[in-house]
Structure formats: structure tokens, C-alpha cells
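Side chains included, hydrogens not; waters and symmetry mates left out as well; all remaining heavy atoms used. The first residue in the sequence is number 1, and the count goes up from there.
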Amino acid sequence: FAVTASDASKLFVGAFVEVVKNDYTNTSEGKIASITSTGGSTETVVLEEDLSYTPASTDRVQLIGFVTDTGKPYSANSALP
């Protein structure tokens, strides 16, 4: 999935994220395998395993861990571009 470059700066390889629809009818989580620049204002995030559904641009990324935190991630509620 794609995120804005500013949101990508909050992510790191190995972080756990949860992707959710605004109404929570779809939720899925995964561990970040890689973050790749697309050369524009977005970055591509690849997870170690596929999400259980295909996220839409209106979905949100939650449970973002921080590089200095080795425990459970914190909720940052970043919107997908």
C-alpha cells in the first residue's frame, strides 16, 4: 500500500501496522518488510504477508510502532493517500 512521504517517515522495517476502514468493517494487520520511495510524494510499504483485504485510499493505518520502541506499537491514525 502507499502512504505519504511524511507518514512514511514514521514507519520502519519491522514495525507492526493495522490497516482499517473508517467504519471498521475491514481490518488487517501486518509487519513491514520494506518501504520504497516511488520518487514522488508517496512511499510504497510492503508487508511480510498480504493483508486480508485490499485497502482503499480512504482506509487508515493504525498501531504504528516507533524505531526506539521494541514493545507494542502506538496508535498514530495516519490516513492512506
For Thr25, check side chain to side chain donor-acceptor pair (under 3.5 Å) against everything at least two apart and list the hits.
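Expected list: Asp23.
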Exercise. Which atoms form the tightest heavy-atom contact between Val17 and Leu11, and what is the distance?
Worked result: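 Scanning both residues, the minimum pair turns out to be CG1-CD2, 4.0 Å.
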query = About how many Å separate OG of Ser34 and CD1 of Ile32, when rounded to the nearest 0.5 Å?
reply =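 That separation rounds to 9.0 Å.
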(Q) With rounding to the nearest 0.5 angstrom, report the CD to OG distance, Glu43 to Ser6. (A)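 Nearest 0.5 Å value for the CD-OG distance: 9.5 Å.
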Non-neighbouring partners of Thr44 that pass side-chain contact (heavy atoms from CB on, under 4.5 Å), sequence neighbours left out
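Result, side-chain contact (heavy atoms from CB on, under 4.5 Å) vs Thr44: Thr38, Val46.
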Would you be so kind as to tabulate the donor-acceptor pairs closer than 3.5 Å made by side chains of residues 47-56, with sequence neighbours excluded?
| residue | atom | partner | partner atom | Å |
| --- | --- | --- | --- | --- |
| Ser52 | OG | Ser28 | OG | 3.3 |
| Tyr53 | OH | Val19 | O | 3.4 |
| Tyr53 | OH | Asp59 | OD2 | 3.0 |

